Amino acid sequence: KEAYVTTCLKDTVGPVIAATDYIYAYADQVRAFIPKRYVVLGTDGFGRSDTRVALREFFEVDRHYIAYTALRALFDEGQMDLKTIMAAQKQYHINPEKIHVNYLAQSITDYGSKKTKLPNKYVLFVGARSFYKGFDTMLQAFAEIRIQNPSIKLLCTGNDSFNTQEQQKISELDLTNHVIHKSLSISELRYAYENAEMFVFPSNYEGFGIPILEAFACKTPVIISNSSCLPEIAGQGALVFEKNNSEDLAVKMNSIVTGK
């Protein structure tokens, strides 16, 4: 069943901005159900006594910060020019020196690499396969490259086995014997990264994208969608395909398999 908030937002255009007088985590609870870029403004910090208007300005959740955040999100998606962003900073008295991004980090290399039985040649897909994760796009692209590379497999990791809908899709694409699900310990996952032909992250939205850093740390070639924060996290270290475009993804995957 589709979440109500997903139904409301799936056909809308542009990023989604949420501002709350509560802490950031309050509005962030629905992130998994927002089918596009989702930016939250919250009032995390020490207690403070003042008027509601003054507090919203202090915690940067008032109308000016909401407008600026929306413009900045559009800029990050390539839909807004820098001149407009700079003008908004000046108009709304936004101090860019107060804005600092603290990136997360991977920890997979803190663990040893434990050998486990895996296909000889495989593409790696890590984590959940929810609707916004781009798994259908992954399957369609994999079906395309397998035509010229019949020995390659698609290895999916995670705790949940394929559900009925996924099994049906895999069968329709004639991939039943070529798509494998395997639950791995973190040490086995490191081994899987290290021996994969590539790691593909076709997600349409992520709050960050730790698997990208895990793949980088394991020196695994990476392909990502051009969605959300993924290009920012990967920088110049990954091939990028147009989100939900299985043909473009197949081209990028084939370039790694063939080395061209």
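The basis for the numbers below is simple: all heavy atoms, side chains too, and nothing from hydrogens, waters or symmetry mates. Remember, predicted model here, so these are calculated numbers, not experimental data. The residues of the chain are indexed from 1 along the displayed sequence.
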- Only counting residues at least two apart or in another chain, list the ones meeting side chain to side chain donor-acceptor pair (under 3.5 Å) with Thr43.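 Checked Thr43 against side chain to side chain donor-acceptor pair (under 3.5 Å); zero matches.
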- Item | side chain to side chain donor-acceptor pair (under 3.5 Å) against Asp136, all qualifying residues, sequence neighbours excluded |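 Asp136 satisfies side chain to side chain donor-acceptor pair (under 3.5 Å) with no residue once adjacent residues are dropped.
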Tell me if the [atom1] atom of [X] is crowded by more than 12 foreign heavy atoms within 6.0 Å.
| X | atom1 | result |
| --- | --- | --- |
| Lys121 | NZ | yes |
| Phe33 | CZ | no |
| Asp50 | CG | yes |
| Glu172 | CD | yes |

Taking the side chain as every heavy atom from C-beta outward, state whether [X] and [Y] have any atom pair closer than 4.5 Å.
| X | Y | answer |
| --- | --- | --- |
| Leu41 | Glu60 | no |
| Met253 | Val123 | yes |
| Asn226 | Phe241 | no |
| Tyr122 | Leu118 | yes |
| Arg56 | Tyr65 | no |
| Ile180 | Leu154 | no |
| Asn245 | Thr137 | no |
| Cys218 | Ile108 | yes |

- Residues Arg129, Glu166; criterion salt bridge (Lys or Arg N to Asp or Glu O under 4.0 Å); working and verdict: CA-CA 9 Å; Arg129 301 179 300 276; Glu166 291 168 339; 3.0 Å; yes
[X] side chain vs [Y] backbone, donor-acceptor pair below 3.5 Å:
| X | Y | result |
| --- | --- | --- |
| Thr220 | Phe216 | no |
| Gln167 | Phe162 | yes |
| Thr258 | Asn254 | yes |
| Lys114 | Arg190 | no |
| Gln89 | Met86 | no |

Centroid separation under 6.0 Å, is that true for the rings of [Y] and [X]?
| X | Y | result |
| --- | --- | --- |
| Phe135 | Phe125 | yes |
| Tyr24 | Tyr26 | no |
| Phe199 | Tyr193 | yes |

- Task: Decide side chain to side chain contact (heavy atoms under 4.5 Å, CB included) for Asp62 and Val53; before the verdict, give the C-alpha distance in whole Å, the side-chain angles of both, and the deciding distance to 0.1 Å.
- Result: CA-CA 8 Å; Asp62 66 4; Val53 172; over 6 Å; no
Do [X] and [Y] land in one hydrophobic cluster if side-chain heavy atoms of ILVMFWY residues count as linked below 4.5 Å?
| X | Y | answer |
| --- | --- | --- |
| Val257 | Leu124 | no |
| Met138 | Leu173 | yes |
| Val30 | Tyr22 | no |
| Val179 | Met198 | yes |
| Tyr38 | Ile66 | no |

Do you know which two heavy atoms are closest between [X] and [Y], and how far apart they sit?
| X | Y | answer |
| --- | --- | --- |
| Asn195 | Tyr191 | ND2-O, 2.8 Å |
| Leu230 | Ser203 | CD1-O, 3.8 Å |
| Ala73 | Ile17 | CB-CD1, 4.3 Å |
| Thr176 | Ser171 | OG1-CA, 3.7 Å |
| Arg146 | Ile152 | CG-O, 4.2 Å |
| Ala88 | Ile94 | O-CG1, 4.4 Å |

Any chance the side chains of [X] and [Y] put a donor and an acceptor closer than 3.5 Å?
| X | Y | value |
| --- | --- | --- |
| Asp110 | Ser107 | no |
| Thr12 | Lys36 | yes |
| Glu144 | Gln140 | no |
| Arg31 | Tyr205 | yes |

Within this structure, what is the [atom1]-[atom2] distance for the pair [X] and [Y], rounded to the nearest 0.5 Å?
| X | Y | atom1 | atom2 | result |
| --- | --- | --- | --- | --- |
| Glu194 | Ser113 | CD | OG | 3.5 Å |
| Leu74 | Arg37 | CG | CZ | 9.5 Å |
| Phe142 | Cys156 | CZ | SG | 9.0 Å |
| Asn163 | Asp160 | CG | CG | 9.0 Å |
| Thr164 | Lys169 | OG1 | NZ | 15.5 Å |
| Lys243 | Ser225 | NZ | OG | 7.5 Å |

- Task: Please determine which of Ile210, Leu155, Thr157, Ile212 meets the side-chain contact (heavy atoms from CB on, under 4.5 Å) test together with Val126.
- Result: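 One option only clears the test, and that one is Thr157.
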- Query: Passes salt bridge (Lys or Arg N to Asp or Glu O under 4.0 Å), Glu206 versus Lys133? Steps please.
  - Reply: CA-CA 9 Å; Glu206 294 294 324; Lys133 291 289 188 177; 2.6 Å; yes
- Message: Apply the hydrophobic cluster definition, ILVMFWY joined by side-chain contacts under 4.5 Å directly or through others, and give me every member besides Leu55.
- Response: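 Phe58, Phe59, which link up through side-chain heavy atoms under 4.5 Å apart, make up the rest of the cluster.
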- Can Phe75 and Asp81 be said to form a side chain to side chain contact (heavy atoms under 4.5 Å, CB included), step by step? CA-CA 6 Å; Phe75 173 76; Asp81 59 86; 5.9 Å; no
- Message: With salt bridge (Lys or Arg N to Asp or Glu O under 4.0 Å) as the criterion, how do Glu2 and Lys10 come out once you've worked through the C-alpha distance, each side chain's angles and the decisive distance to 0.1 Å?
- Response: CA-CA 11 Å; Glu2 187 173 73; Lys10 65 181 180 180; 3.1 Å; yes
